Amino acid sequence: MSHRLLVCAGNLDGCDRDGSIGPDHYRVVLWPGMPEPPRVVKAYEPALHMRRTPTMPLAWCMELAASTDRAARYHAIAELARHGTDEALARLEACARRGDALDRVLVVQALGLGDPVRLDRLEVFLDDPQPEVRFAVLSVLHHAMLDFEFDERAAATLDTDVAYRILHRASAGRDASVREGIAKLTSYLDGLVDLVPPAADAETIHARSLLARLCDEGLLAVDSDFDLEAAARAVAAAIDESEDDASTTAAAIADTVVDLPGVVELYADEDALARILDATS
């Protein structure tokens with residue numbers, strides 16, 4: 001006797017991207033019937049992009065994030081992360097500083113909703129006195145890895161340098177069980193590194209690091225039109241064409257940087273540039 005088969009699945013968006021754990025559930029129905037070619041009755045559409053698309057205007061989010069009502073802050077915090085602008089992320093950090101441990105956990109979890117996930121914004125929470133806040137950082141990092149590996153349509157990028165730095169800092173001074181868990185995450189990240197598109201040449205990587213250092217130290221002001229990769233290539237070419245003398249190289253960098261699209265102002269003098277150039281070598 002022939003049978004027909006119907007397989008149903010529910011709450012798939014609630015489980016981890018690798019399907020290992022979660023509240024997903026399934027139902028299998030079997031009944032007598034004539035054979036037919038397999039067909040999809042209703043296709044599953046991941047909600048990854050939906051959960052990363054803001055639905056509330058930024059101005060409302062900014063206002064609600066300062067509310068004394070935790071429920072209002074809960075929704076505003078998630079939406080701020082989805083907006084992902086500098087203004088929105090600054091308000092998120094203010095919420096974390098002003099709130100209690102639960103608010104800080106909410107902010108950390110919300111940072112996992114951005115597109116791309118801003119791992120660099122998570123590092124400050126590794127020094128939090130509450131273990132649940134520090135654990136939330138590792139959870140967001142783990143989900144960012146899963147997004148990268150298992151969802152080809154995900155627009156999220158994985159900054160492996162920041163990911164390794166988070167794991168290294170998180171393991172410092174922790175007990176053996178925590179270090180073991182972090183070691184597994186590190187091993188997982190090692191496997192993902194091969195999936196990351198290779199960077200250009202060593203000179204461009206060096207120039208990108210130098211530009212990031214300038215921004216971090218407040219010596220370089222850029223706007224949203226600044227293309228870091230294109231800028232790094234231009235700076236790498238300037239370094240390559242300059243002499244080995246530190247001041248000459250610094251002057252070549254300064255001349256190149258100030259003319260790059262998106263640069264608002266360069267505050268570094270040749271001595272500062274030479275110092276940072278040496279530190280990033």
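Computed from a prediction, not measured in an experiment: that's the story for all the values here. We number each residue from 1, following the sequence as shown.
- Note that the CG atom of L211 and the CD atom of E229 stand 10.0 Å from one another [nearest 0.5 Å].
- Side-chain contact check for L92 versus I77: some heavy-atom pair is nearer than 4.5 Å.
- Closest approach of L185 to M145, counting heavy atoms only: O-CE, 3.8 Å.
- For the side chain to side chain donor-acceptor pair (under 3.5 Å) test with D103, the passing option among R97, R73, R98 is R73; the others fail.
- Put simply, the side chain of H83 does not reach to within 4.5 Å of the side chain of R91, judged on heavy atoms.
- Taking CG of L102 as the start and OH of Y74 as the end, the distance is 10.0 Å to the nearest 0.5 Å.
- A distance of 6.5 Å separates CG in L189 from OG1 in T160, rounded to the nearest 0.5 Å.
- Closest approach of A76 to C61, counting heavy atoms only: CB-O, 3.6 Å.
- To the nearest 0.5 Å, atoms NE2 (H168) and CG (L126) are separated by 11.5 Å.
- A 6.0 Å sphere centred on CD of E63 holds no more than 12 heavy atoms belonging to other residues, nucleotides or ligands.
- Side-chain contact between R118 and V162 is absent, with no heavy-atom pair separated by less than 4.5 Å.
- Within the 4.5 Å cutoff, no side-chain heavy atoms of V28 are placed close to those of L30.
- Side chains of L58 and L80 form a contact here, defined as non-hydrogen atoms less than 4.5 Å apart.
- We find that D100 and R70 are joined by a salt bridge, their nearest charged nitrogen and carboxylate oxygen being less than 4.0 Å apart.
- Under the 3.5 Å distance criterion, with hydrogens and angles disregarded, no donor-acceptor pair is assigned to the side chains of D159 and Y164.
- To the nearest 0.5 Å, atoms CG (L228) and SG (C215) are separated by 7.5 Å.
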Residues 131-139 side chain polar contacts: donor-acceptor under 3.5 Å, at least two apart:
residue, atom, partner, partner atom, Å
R134, NH1, D128, O, 2.7
R134, NH1, P129, O, 3.4

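- From I253, atom CD1 reaches atom OG1 of T248 across 11.0 Å, with rounding to the nearest 0.5 Å.
- Side-chain atoms of E93 and V124, non-hydrogen and from C-beta on, never get closer than 4.5 Å to each other.
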Query raised in the report: How far apart are the C-alpha atoms of L64 and M56, what are their side-chain angles, what is the distance that settles it, and do they pass the side chain to side chain contact (heavy atoms under 4.5 Å, CB included) test?
Result: CA-CA 11 Å; L64 290 175; M56 187 186 302; 3.8 Å; yes
Can I get a per-line list of side-chain donor-acceptor pairs under 3.5 Å for residues 256-274, giving both atom names and the distance, sequence neighbours left out?
residue, atom, partner, partner atom, Å
T256, OG1, A252, O, 2.9
D269, OD1, D271, N, 3.2
D269, OD1, A272, N, 2.7

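- Looking at every heavy atom in both residues, L141 comes nearest to A163 through CD1-CB, 3.7 Å.
- Within the 4.5 Å cutoff, side-chain heavy atoms of Y188 are placed close to those of L146.
- Here the closest heavy-atom approach between residue L220 and residue V222 is recorded as CG-CG1, 3.9 Å.
- Counting only heavy atoms from C-beta outward, the side chains of M62 and E87 approach each other to under 4.5 Å.
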